[in-house]
Amino acid sequence: MTNNHVNKEIASAHYALKVLSGKWNLPILAALCSNRIIRYNELKRQVIGITGTMLNQSLKELIDYGIVQRVQYNEVPPKVEYSLTEVGLELMPIYEQLDLWGEKNLERKGD
């Protein structure tokens, strides 16, 4: 098997992991999975330790990937809501399985 063949076989998994691999992407996705629709300040409160700059950058990246959608309402004060897109909702079972796997293996690690 050539390296090109192997790379083609893992390209889709590599892309999926790239989407999830940002330092703050999983915590943001977890908050969105729990809340469905959430405003910026509430999201920032739920993702403990994230700065405003990092939250903005991570949200922009997730929006570019088509995972998160941003809806801005033209009112005063401005209202912005974030939620998972249909593509993002497809990640929920994967996220849940990753969480279960992590719990199981964290317990093993303690043995």
Side-chain angles (χ1 to χ4, degrees):
M1 235 188 244
T2 66
N3 283 339
N4 255 355
H5 183 64
V6 172
N7 288 339
K8 287 179 184 176
E9 287 180 353
I10 65 168
S12 55
H14 183 266
Y15 174 76
L17 290 173
K18 182 179 174 185
V19 170
L20 298 175
S21 69
K23 178 179 180 179
W24 297 105
N25 289 3
L26 277 177
I28 290 169
L29 290 173
L32 289 168
C33 284
S34 297
N35 295 285
R36 301 295 179 145
I37 296 174
I38 191 167
R39 293 183 68 180
Y40 179 86
N41 285 331
E42 181 59 27
L43 183 57
K44 190 168 185 293
R45 276 191 290 277
Q46 288 191 19
V47 181
I48 297 168
I50 195 167
T51 64
T53 301
M54 285 309 301
L55 180 56
N56 285 330
Q57 183 178 336
S58 297
L59 284 169
K60 183 180 181 328
E61 182 178 308
L62 290 168
I63 290 167
D64 289 345
Y65 281 128
I67 305 298
V68 173
Q69 66 183 350
R70 178 184 190 272
V71 177
Q72 182 172 340
Y73 298 93
N74 293 326
E75 54 188 56
V76 178
K79 177 181 173 183
V80 178
E81 294 178 336
Y82 295 91
S83 61
L84 294 173
T85 62
E86 288 298 318
V87 174
L89 289 170
E90 292 174 7
L91 285 172
M92 285 181 68
I94 297 166
Y95 169 76
E96 291 166 357
Q97 287 299 311
L98 280 172
D99 190 44
L100 289 173
W101 184 89
E103 275 184 40
K104 179 179 173 183
N105 287 286
L106 275 176
E107 290 172 9
R108 268 194 224 162
K109 186 178 178 181
D111 290 344

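Owing to the predicted nature of the structure, the values given are computational and were not obtained by experimental measurement. Values reported hereafter were calculated over all heavy atoms of this structure, with side chains retained and with hydrogens, waters and symmetry mates removed. Starting from 1, each residue takes its place in the sequence as its number.
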What distance do [X] atom [atom1] and [Y] atom [atom2] have between them, rounded to the nearest 0.5 Å?
{"X": "Glu90", "Y": "Glu86", "atom1": "CD", "atom2": "CD", "result": "7.5 Å"}
{"X": "Leu98", "Y": "Leu91", "atom1": "CG", "atom2": "CG", "result": "9.5 Å"}
{"X": "Leu89", "Y": "Arg36", "atom1": "CG", "atom2": "CZ", "result": "5.5 Å"}
{"X": "Tyr40", "Y": "Arg70", "atom1": "OH", "atom2": "CZ", "result": "10.0 Å"}
{"X": "Gln57", "Y": "Lys60", "atom1": "CD", "atom2": "NZ", "result": "9.5 Å"}
{"X": "Asn25", "Y": "Ile67", "atom1": "CG", "atom2": "CD1", "result": "9.0 Å"}

In sequence, state the C-alpha distance, the side-chain angles, and the governing distance for Val47 and Met54, and then conclude on side-chain contact (heavy atoms from CB on, under 4.5 Å).
CA-CA 11 Å; Val47 181; Met54 285 309 301; over 6 Å; no

Nearest atoms (heavy-atom pairs only) where [X] meets [Y]:
{"X": "Arg39", "Y": "Pro78", "value": "NH2-O, 3.9 Å"}
{"X": "Gln69", "Y": "Leu84", "value": "NE2-O, 4.1 Å"}
{"X": "Leu26", "Y": "Leu20", "value": "CG-O, 3.8 Å"}
{"X": "Ile28", "Y": "Leu62", "value": "CG2-CD1, 3.8 Å"}
{"X": "Ile48", "Y": "Arg45", "value": "CG1-O, 4.0 Å"}

Applying salt bridge (charged side-chain N to carboxylate O under 4.0 Å, His left out), name anything that partners Lys18, two or more places apart in sequence or on another chain.
none

Could you tell me how the ring of Tyr65 sits relative to the ring of Tyr15: parallel (under 30°), tilted (30 to 60°) or perpendicular (over 60°)?
perpendicular

Report yes or no: does Asp99 contribute a side-chain atom to a donor-acceptor pair with the main-chain N or O of Tyr95 at less than 3.5 Å?
no

In one Ile/Leu/Val/Met/Phe/Trp/Tyr side-chain cluster, 4.5 Å: Leu43, Ile37
no

Is there a side-chain contact between Asp64 and Glu61 in this structure, where contact means two heavy atoms from C-beta onward sitting under 4.5 Å apart?
no

Is the shortest heavy-atom distance from the side chain of Ile63 to the side chain of Tyr82 under 4.5 Å?
yes

